[in-house]
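What follows is a set of notes on a single structure, which appears directly below.
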Amino acid sequence: MGSGVTAPVAIVTGANSGIGLETALGLAERGLRVVATARDLSRGAEAVAEIERRTGKTVDLLRLDLASFASIREFAATVLDRYPRIDALIHNAGLAPSGHRWETQEGFEAAFGVNHLGPFLLTSLLRDRIVASAPARIVIVSSGAYRAAPNGICFDDLQHRETFHSLQVYAESKLANIYFMHILARQLDGTGVTVNAVNPGYVATQLGRPREADLARAVAMPRDESASNGALANLPEPMTPARGAIPSIRLATDEELATTTGVYFDRTRPGTLTPIAADLDLARRLWDESVRLLARHPAH
Ligand SMILES: NC(=O)c1ccc[n+]([C@@H]2O[C@H](COP(=O)([O-])OP(=O)(O)OC[C@H]3O[C@@H](n4cnc5c(N)ncnc54)[C@H](OP(=O)(O)O)[C@@H]3O)[C@@H](O)[C@H]2O)c1
């Protein structure tokens, strides 16, 4: 595949499972050329085969591990080489720690690294191509769980080396998604690139199930028992991944939303943010801190 691509191109991260798989499927059905990412290519190939069988469309698959800057840089270089345009970037991949603190290749706490800093780096690498492709859309899959960090992001212990609670770090990473959306949307204002964040709702997926590869990287710290104490026990019945994907698909394709930007969606409607999540000074602080952290790990 190369410069012969004529359909609009949509990148969906974490497309081998859950909401991402159904988002990729929905976008392929709507005629977009989907670039599905997976960190495990064999599981990615299974998902792509399923999407192709169900849609009759061709889907591309590329490896992307958001816990590794080298992988993110390699992925971005491949995308820039193969795709002359990027019409939609769906930051869907994410993890919810299940009791164990582990670190990305560069030593960042996993939820912060995979859910926030990795997508931050990836966006910066693809940004010029996305702007050149305008009108284009960036969709950031956040979560209503951001409210579980009522005091906001713990800037004094951003990597949670002092205290680690699974729900807290997940909530902070999903708040970071909202902060990222606020600033990126403002920076891209007037370019024709929209940036929105979305809470897909409570969806039955693999989220929160420990992956062997991640457990192998757990760093020595007591297990956080709060992960299994039923913190999420009072939630209603989860919806199917296909329903969970509707908001992302809509944000990426709906003509009615062509100029909507800088908005946090609660499923398909604009949602109300807590004052902390709406605080642009805190959003800028996280942006500046993220730039500083990335600068410590330049490309070789
Ligand atoms: N499910 C819910 O109720 C819910 C609610 C609100 C928000 N969300 C958000 O929805 C998004 C999708 O989650 P999901 O519920 O569909 O869960 P999921 O089934 O676990 O899918 C998560 C996807 O992210 C990928 N991923 C995890 N770590 C990665 C890494 N280091 N590099 C690249 N990809 C990685 C996973 O790959 P592997 O399969 O290889 O691990 C998988 O493809 C997440 O951002 C999540 O925070 C979910």
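Atom set for the values below is all heavy atoms of this structure, side chains included, hydrogens, waters and symmetry mates excluded. We count ligands from 1, going down the list as the structure has it; atoms in each ligand are counted the same way.
- For atom 14 (P) of ligand 1, the nearest non-hydrogen atom of the protein is Thr205 OG1, 3.4 Å.
- Within the 4.0 Å heavy-atom shell around ligand 1 one does not find His91.
- In plain terms, the two heavy atoms of Pro200 and Arg267 that are nearest each other are O-NH1, 2.8 Å.
- With a 4.0 Å cut-off on non-hydrogen atoms, Leu66 touches ligand 1 through its backbone as well as its side chain.
- Here the closest non-hydrogen pair linking Leu27 and Ala10 is CD1-CB, 3.9 Å.
- A salt bridge links Glu289 with Arg292: at least one charged nitrogen is closer than 4.0 Å to a carboxylate oxygen.
- Contacts with ligand 1 closer than 4.0 Å are made by backbone heavy atoms (N, CA, C, O) of Leu64 only, the side chain lying farther away.
- Among protein heavy atoms, atom 13 (O) of ligand 1 sits closest to Leu207 CD1, 4.0 Å.
- Under 4.0 Å from ligand 1, the heavy atoms of Pro200 that appear belong solely to its side chain.
- Summarising the contacts of atom 4 (C) of ligand 1 with Gly201, Ala110, Gly244, Ala111, the nearest heavy atom is found in Gly201.
- Annotation: atom 9 (C) of ligand 1 to nearest protein heavy atom, Val141 CG1, 3.7 Å.
- Arg285 has no carboxylate O lying under 4.0 Å from a charged side-chain N of Asp288, or vice versa, which leaves the two without a salt bridge.
- One N or O on the side chain of Asn196 and one on the backbone of Val263 form a donor-acceptor pair closer than 3.5 Å.
- Polar contact with ligand 1: present for Lys174 (N/O pair, distance under 3.5 Å).
- Ranking the protein heavy atoms by distance from atom 37 (O) of ligand 1 puts Asn16 OD1, 3.6 Å first.
- Ranking the protein heavy atoms by distance from atom 20 (O) of ligand 1 puts Arg211 NH2, 2.8 Å first.
- Looking only at heavy atoms of the protein, atom 19 (O) of ligand 1 is closest to Ser17 OG, 2.6 Å.
- Summarising the contacts of atom 27 (C) of ligand 1 with Gly94, Gly14, Ala96, Pro119, the nearest heavy atom is found in Gly94.
- In Gln206, the parts holding a heavy atom less than 4.0 Å from any atom of ligand 1 are both the side chain and the backbone.
- The protein heavy atom nearest to atom 34 (N) of ligand 1 is Ala93 CB, 3.6 Å.
- For Arg209, no heavy-atom contact with ligand 1 is shorter than 4.0 Å.
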